[in-house]
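Before any comments, here is the structure.
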Amino acid sequence: MFVWRLVGWFLLVLFGIGCLAAGEAPTRVSGGAVLVLPDGLKWLNVERPLTPADLQGKVVILDFWTYGCINCIHVAEELRRLEDRFGNRLAVIGVHSPKFDHEKNLEALRSTVVRLDRRHPIVNDPDWRLMEHYGIRAWPTLAVFAPDGSWVGKVTGEGNEEKLARAIDRLLEMYRADLNDRPLPLSLEKDRFAAALLAAPGKIAVAGDGRRVAISDTLHHRVILAAADGKIERIVGSGESGWRDGPADQARLGSPQGLAFTGDALLVADPGSHTVRSIDLKSGRIRTLAGTGRVGLSRPEGEQDALHLDLRSPWDLTVRDGQVYIAMAGSHQIWRLGLDDGKIAPYAGSGREGIATGTLDDASFSQPSGLALVGDDLYVADAEASAIRRIRIDRGVVENLVGAGLFEFGDRDGPLAEAQLQHVSGIAALEGGRLAIADTYNNKVKLIDPKSGTVTTVLGTGKPGRRLGSPADTELNEPGGLTSVNGRILIADTNNHRILSLDPDSGQVEEWALRQ
């Protein structure tokens, strides 16, 4: 849960985060808040803006979220199950109340709604009009309204699915004579991308010999394996979201992200199914290495059997000496999985969201989303803190290179101590010790030189777009992952649904085209 005002957080804790107590029957609220949808806001996933009249006769949940928030993604999974359970008697409306400046962009939000496969109406509220109207102070918060439009209560954070289900059941019983089962006028944004070869690629990896490239075709819920010239060799995943092991054309992935080659296998961080998977490069068959398919809601201590432990959105991974380091975005930690013994445990990070340095146990992370190994150093793209962190594996300590806090972000090159990033989510090691980073919400690729202590932009104007030209003129749209091969950087330009190739020394940039 992201908290944007400390005083507000304490008030929520002291006086009750939710008005829907477990086992407590909701009551009609007279004279209190009523459902309001201001004019002038932009809507997605609907044919036209909705009004309170469209929602009469339905239980309504306003989901206050911001799209870079991992907890908001988890809550969306809970809401989808409630939508499946209650059908058209329940109306979920996502109220997007952005934290980052970039998230205010409607087209960026449109791409994210597609990538996250959100299928209910979304209203963009860049100035927080609805947040302030209802006194919302944290992401995610769910505000519940009765079928007559009256306020029922709110809950904050994850894990409220059953509490909400009980409340909805009782509201439907109380208002059974007034219910409206008509569907809302939906028009899903994702329908535009169904036939594309590549849709919202999240991460990219290259085999050690440089002859094979793997791409997370995130929106299509599959992994593409291609030769170095872009010719597709194999597609792994049926295209249906889910968690199923088996042959390449039958297995299911859930919005795959991080990739790492090791021996005859390709490892996959699969946040949509909360698992880590392994693809046999010879047969294409996929199997689970860690996770149960359920989102983890507790913090384990010590090593556990990886196949019997619930994980929380593994987002990226890398391998060293038979150990898989995992950016566990949902628990704000780095975990470690043994390939030989199948044991998994938190490795670095207390689980508290933050940017604290120190020992592995005392340090804190904020939605780590990218990893890169350089010798004994493990570099972390710490997305929600807009930071680059460094774990000294041999010393067992965590340091900061760039970034100062959860709400310290921007677009500034220069010395590491003064540089600013915005929701950086990808990182890759280059020759000579330099690091390439996907500065995602700044729509740029930057280089970090730890020796000189500087950050430099090498690609992107800073504005979202898809124009291709010189490095200074080329437009990106939320680059999510990158890798290095033969002196070039391959970039997953996520919202442009393409892969770019950049020579950071000559400045040559071109599209790296996949072909059947």
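Each residue takes its place number in the sequence, starting with 1. What's counted below: heavy atoms across the whole structure, side chains too, no hydrogens, waters or symmetry copies.
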Any side-chain heavy-atom pair from [X] and [Y] closer than 4.5 angstrom?
X    : Y    : result
W512 : L500 : no
N443 : H102 : yes
L259 : S216 : yes
L311 : I344 : yes
V223 : D217 : no
D411 : K446 : yes
L142 : W65  : no
L421 : F409 : no

Under a 4.0 Å threshold between the charged nitrogen and the carboxylate oxygen, would [Y] count as salt-bridged to [X]?
X    : Y    : value
D117 : R115 : no
E161 : R81  : yes
D439 : K444 : no
D377 : R395 : no
R320 : D376 : yes
E399 : R392 : yes
D505 : R434 : yes
R211 : E233 : no
R294 : D310 : yes

Q: Go through the steps for Y67 and Y441 under the test ring pair (Phe, Tyr, Trp, His ring centres under 6.0 Å), then give the verdict.
A: CA-CA 11 Å; Y67 77 65; Y441 285 4; 5.5 Å; yes
**Q.** Reference residue V455; test side chain to side chain contact (heavy atoms under 4.5 Å, CB included); the match among L416, L401, D449
**A.**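 Single pass found, and it is L416.
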**Q.** Given E158, M328, Q367, E353, the one that forms side chain to side chain contact (heavy atoms under 4.5 Å, CB included) with I70
**A.**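 For I70, the side chain to side chain contact (heavy atoms under 4.5 Å, CB included) test succeeds with only one of E158, M328, Q367, E353, which is Q367.
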Expected output: side-chain [X] to main-chain [Y] donor-acceptor under 3.5 Å:
X    : Y    : value
N160 : K163 : no
T454 : G414 : no
D316 : L371 : yes
D125 : H96  : no
T461 : K463 : yes
D264 : K282 : no
R389 : S364 : yes
D382 : A385 : no
T262 : A265 : no
D341 : K343 : yes

How far does [atom1] of [X] sit from [atom2] of [Y], to the nearest 0.5 angstrom?
X    : Y    : atom1 : atom2 : answer
N496 : E475 : CG    : CD    : 8.5 Å
L514 : I499 : CG    : CD1   : 6.5 Å
Q250 : I286 : CD    : CD1   : 12.5 Å
I437 : I448 : CD1   : CD1   : 4.0 Å
L253 : H220 : CG    : NE2   : 13.5 Å
D493 : L459 : CG    : CG    : 8.5 Å

(Q) Over 60° means perpendicular and under 30° means parallel, so tell me whether W128 and W139 are parallel, tilted or perpendicular. (A) perpendicular
Q: Before giving the answer on ring pair (Phe, Tyr, Trp, His ring centres under 6.0 Å), spell out for H74 and H274 the whole-Å C-alpha distance, their side-chain angles and the decisive distance to 0.1 Å.
A: CA-CA 10 Å; H74 294 166; H274 305 286; 5.4 Å; yes
Polar contact flag, side-chain donor to acceptor under 3.5 angstrom, [X]-[Y]:
X    : Y    : answer
T275 : S273 : yes
T218 : S255 : no
T66  : E103 : yes
S238 : E240 : no

Q) Going through the distances and angles, do H423 and E478 end up as a side chain to side chain donor-acceptor pair (under 3.5 Å)? A) CA-CA 10 Å; H423 206 275; E478 291 194 22; over 6 Å; no
Please report the shortest heavy-atom distance between [X] and [Y], naming the atom on each side.
X    : Y    : value
G293 : W243 : CA-CE3, 3.7 Å
A227 : V213 : O-CG2, 4.5 Å
L281 : L225 : CD2-CD1, 4.1 Å
A290 : L337 : CB-CD2, 4.3 Å
A419 : V402 : O-CG1, 3.6 Å
R299 : S350 : NH1-O, 3.8 Å

Q. With D245, which of R252, R277, R285 fulfils salt bridge (Lys or Arg N to Asp or Glu O under 4.0 Å)?
A. R277
Q.
Under the criterion side chain to side chain contact (heavy atoms under 4.5 Å, CB included), I'd like the reasoning laid out for L164 against E78: C-alpha separation, chi angles, the key distance, then a yes or no.
A. CA-CA 10 Å; L164 288 166; E78 299 173 2; 5.8 Å; no
Q: Kindly indicate whether a cation-pi arrangement holds for R212 with F261, taking the cut-offs as under 6.0 Å to the six-membered ring centre and within 45° of the axis.
A: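 Cation-pi check for R212 and F261: fails.
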Q | Neighbour count above 12 (heavy atom, 6.0 Å) for R287 CZ | A |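 Atom CZ in R287 is not crowded, with 12 or fewer foreign heavy atoms closer than 6.0 Å.
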Q.
Can you tell me if D305 has over 12 outside heavy atoms packed within less than 6.0 Å of its CG?
A.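 Result for CG/D305: enclosed.
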**Q.** Chi angles and distances behind the side chain to side chain contact (heavy atoms under 4.5 Å, CB included) call for I355, L406
**A.** CA-CA 8 Å; I355 195 170; L406 281 169; over 6 Å; no
Q. Would R118 and D63 satisfy salt bridge (charged side-chain N to carboxylate O under 4.0 Å, His left out), going step by step from the backbone distance to the final call?
A. CA-CA 12 Å; R118 298 198 70 152; D63 172 22; 2.5 Å; yes
